[in-house]
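Read the structure below first, then the notes.
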Protein chains: 2
Amino acid sequence: MERTLFMNFLAARGLKLTKERMAVLRQIFSIHGHFEPERLYLNIRSSGIKASRASVYRTLNLLVESGLVERISRSEKGNVYEHTYGHRHHDHMICTTCGEVIEFFSENLEEIQNVICTRYHFTGTSHTLEIRGQCRTCKKRKK
Amino acid sequence: MERTLFMNFLAARGLKLTKERMAVLRQIFSIHGHFEPERLYLNIRSSGIKASRASVYRTLNLLVESGLVERISRSEKGNVYEHTYGHRHHDHMICTTCGEVIEFFSENLEEIQNVICTRYHFTGTSHTLEIRGQCRTCKKRKK
DNA sequence: GGCCCAATTGAAACTTAATCTCAATTTCAG
DNA sequence: CTGAAATTGAGATTAAGTTTCAATTGGGCC
Ligand SMILES: [Mn+2]
Ligand SMILES: [Mn+2]
Ligand SMILES: [Zn+2]
Ligand SMILES: [Zn+2]
C-alpha cells in the first residue's frame, strides 16, 4: 500500500525513512478528503507525534513528487491537497458562494483531453480542472 | 470595446474612473498574452505613468470581477492573468520542463462540462483546466 | 465653474504561506 | 559499530498580496 510505495520512492532517490516522514504519511492517509498543510501539522501535533512545520511541508512536497498526493488547488489562503492512492482521479466543482466542493469523474472528459494532447504533440501527465459556480442549494436560496 | 465595458462596470458599482485605473486597463490590453502583476506594474511605471503597486493590484481585482481579465494560474511565484475580452475562452497545457504554454480550445470539452454540471445541479460560471506534461521539443530532447 | 463628500490614492506597515538556514541529530550502508 | 550524508527543528527570511490612513480626487449637483 501507500507505505510501501513511499518507501520505494524514498529508496529510489537515496532519501531516508524517518519517523517524521512516516508520521506525515500516516496522518494524510487517515484523513478522508481534502486538507491544508496547517491542519495536517496541527493534527500530527495533537496526535502526540512531534514533527515541525518545516518537515510537514518538506514531506508534503515529496509526496506530491511521488504521486501519492495531489495539490488540488492554490489560493490566497494556501494550498489544498488530497491523497490519490486508493482514490480514483477526479475533478472538482467549487461553489463560490458556500465553498462546497463536488467531486466528479468523466471518462469522456479524460478521453477528449488525451485526443487534444495528441493533436498538439503534448505528453500530458496530469491535469487539474476546476469548475466554479453555484451549487444547487445556493442557487435556490438566491431566488 | 474594453474601455467602455470597464466604464460601465465601474458606473454600475458607483466606482470612479481614475487615471490609475485607466492606465492599468490600457497596459493590460496592450500586452498580448499572459502577464504577472509585478511585470504589469513595472510596464506601467516605465511608460511614464505613475500608479502604485497597491492600485495595480486593486484594479486587477476589479478587472477580474468585471470579467474582462481572468486569473489563469496561481503558483508559489504569484498569479498569472490574461485579458479575455476579444480573446475567446481557452484552456492551457503547460510544459513542466521548459514552461511553454500551449493554448487550446475544444467545443467538445466545454459541452461535456455543461452536461456534467447539469447532472450535479451545479450552475457553472467559469472553469480552469490546466494540463501539465511535456511539450514536443522537451520530449524529443530527453530521448 | 465651484461645492462637497464619498471614493481613491500611495507609502509604508502588515499578513501569512512557504522556504531557507544551520547546528545538532539521525539514518543506514559497509 | 562507524562515518558520511541526509534530516531535523527553531527561528529567520521571503515575497505576493492586502491593509491602513492621511491626503487627494472624481463627479453629481447647483
Ligand atoms: Mn477531491
Ligand atoms: Mn491563455
Ligand atoms: Zn453553495
Ligand atoms: Zn517544453
Side-chain angles (χ1 to χ4, degrees), chain A residues 3 6-28 34-66 69-81, chain B residues 3-4 6-28 34-46 48-66 69-81:
Chain A
R3 217 183 125 83
F6 190 41
M7 285 167 68
N8 289 344
F9 171 82
L10 292 176
R13 304 244 294 220
L15 302 179
K16 292 173 180 175
L17 184 68
T18 65
K19 21 187 176 318
E20 289 81 3
R21 284 176 179 163
M22 283 306 123
V24 172
L25 182 73
R26 193 173 341 108
Q27 186 57 42
I28 286 177
H34 305 167
F35 65 88
E36 285 143 49
E38 183 63 16
R39 185 167 134 233
L40 179 59
Y41 167 70
L42 294 174
N43 282 170
I44 291 170
R45 294 232 108 197
S46 68
S47 77
I49 301 147
K50 66 171 240 314
S52 66
R53 233 178 290 261
S55 280
V56 169
Y57 275 103
R58 286 189 280 232
T59 306
L60 213 32
N61 286 336
L62 286 177
L63 286 165
V64 170
E65 286 179 53
S66 79
V69 169
E70 247 177 51
R71 185 182 292 114
I72 60 168
S73 93
R74 325 182 78 128
S75 73
E76 304 313 330
K77 306 270 141 207
N79 299 342
V80 176
Y81 297 82
Chain B
R3 217 184 125 84
T4 317
F6 190 40
M7 284 168 69
N8 289 344
F9 171 82
L10 291 176
R13 305 244 293 220
L15 302 178
K16 291 175 179 172
L17 184 68
T18 66
K19 23 187 175 317
E20 288 82 2
R21 284 176 179 162
M22 284 304 123
V24 172
L25 181 73
R26 191 171 345 106
Q27 186 58 43
I28 287 178
H34 303 168
F35 65 89
E36 285 143 52
E38 183 63 16
R39 186 171 132 230
L40 180 59
Y41 167 70
L42 294 174
N43 281 169
I44 290 171
R45 295 232 109 197
S46 68
I49 300 145
K50 67 171 237 313
S52 66
R53 232 177 292 262
S55 280
V56 170
Y57 276 104
R58 286 189 280 232
T59 306
L60 213 32
N61 286 336
L62 286 176
L63 285 165
V64 170
E65 286 180 54
S66 78
V69 169
E70 247 176 52
R71 184 182 291 116
I72 61 168
S73 93
R74 326 182 79 127
S75 73
E76 305 312 332
K77 307 270 140 204
N79 299 342
V80 176
Y81 296 83

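Throughout, protein chains are lettered first and strands after them, A, B, ... in sequence-line order, and every chain is numbered starting at 1.
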Worksheet item: What residues, two or more places apart in sequence or in another chain, satisfy side-chain contact (heavy atoms from CB on, under 4.5 Å) together with T4(B)?
Response: M1(B), N8(B)
Discussion item. My understanding is that only residues two or more places apart in sequence, or in another chain, count here; which of them pass side-chain contact (heavy atoms from CB on, under 4.5 Å) with R39(B)?
Written reply: I31(B), F35(B), N43(B)
Calculate the interatomic distance between [X] atom [atom1] and [N] atom [atom2]; express it in whole Å.
X: K77(A); N: dT15(C); atom1: NZ; atom2: P; result: 12 Å
X: E20(A); N: dT25(C); atom1: CD; atom2: P; result: 14 Å
X: L60(B); N: dT9(C); atom1: CG; atom2: P; result: 13 Å
X: R45(A); N: dT8(D); atom1: CZ; atom2: C1'; result: 13 Å
X: L10(A); N: dA29(C); atom1: CG; atom2: C1'; result: 16 Å
X: L40(A); N: dA17(C); atom1: CG; atom2: P; result: 14 Å
X: Y41(B); N: dT9(C); atom1: OH; atom2: P; result: 14 Å
X: R74(B); N: dA17(C); atom1: CZ; atom2: C1'; result: 13 Å

Practice prompt. Provide the closest heavy-atom pair for A51(A) versus Y41(A) in the form atom of the first, atom of the second, distance.
Written response: O-CE1, 3.2 Å
Can you list, pair by pair, the side-chain donor-acceptor contacts under 3.5 Å of residues 14-27 of chain A, counting residues two or more places apart and other chains?
residue, atom, partner, partner atom, Å
T18(A), OG1, R21(A), N, 3.2
R21(A), NH1, K16(A), O, 2.7

Discussion item. What's the closest nucleotide to the side chain of S55(B) if the choices are dT7(D), dT8(C), dG10(C)?
Written reply: dG10(C)
List for me each residue that meets salt bridge (Lys or Arg N to Asp or Glu O under 4.0 Å) alongside [X], sequence neighbours excluded, and say none if there are none.
X: R71(A); result: none
X: E36(A); result: none
X: R3(B); result: none

Item to complete: If a protein heavy atom is under 4.0 Å from the base, mark B; if only from the sugar-phosphate, S; if neither, -; do that for nucleotides 18-30 of chain D going 5' to 3'.
Response: BBB----SBS---
Item to complete: Please give the angle, rounded to 10 degrees, between the axes at the start and the end of the helix from dG1(C)-dC30(D) to dG30(C)-dC1(D), where five pairs define each axis.
Response: 40°
Discussion item. Contact between R74(B) and N79(A) at the side-chain level, heavy atoms closer than 4.5 Å - yes or no?
Written reply: no
Practice prompt. Give a yes/no on whether any side-chain N or O of N79(B) is located under 4.0 angstrom from OP1 or OP2 of dG17(D).
Written response: yes
Contacts table for residues 54-61 of chain B: side-chain donor-acceptor under 3.5 angstrom, sequence neighbours left out:
residue, atom, partner, partner atom, Å
T59(B), OG1, S55(B), O, 2.7

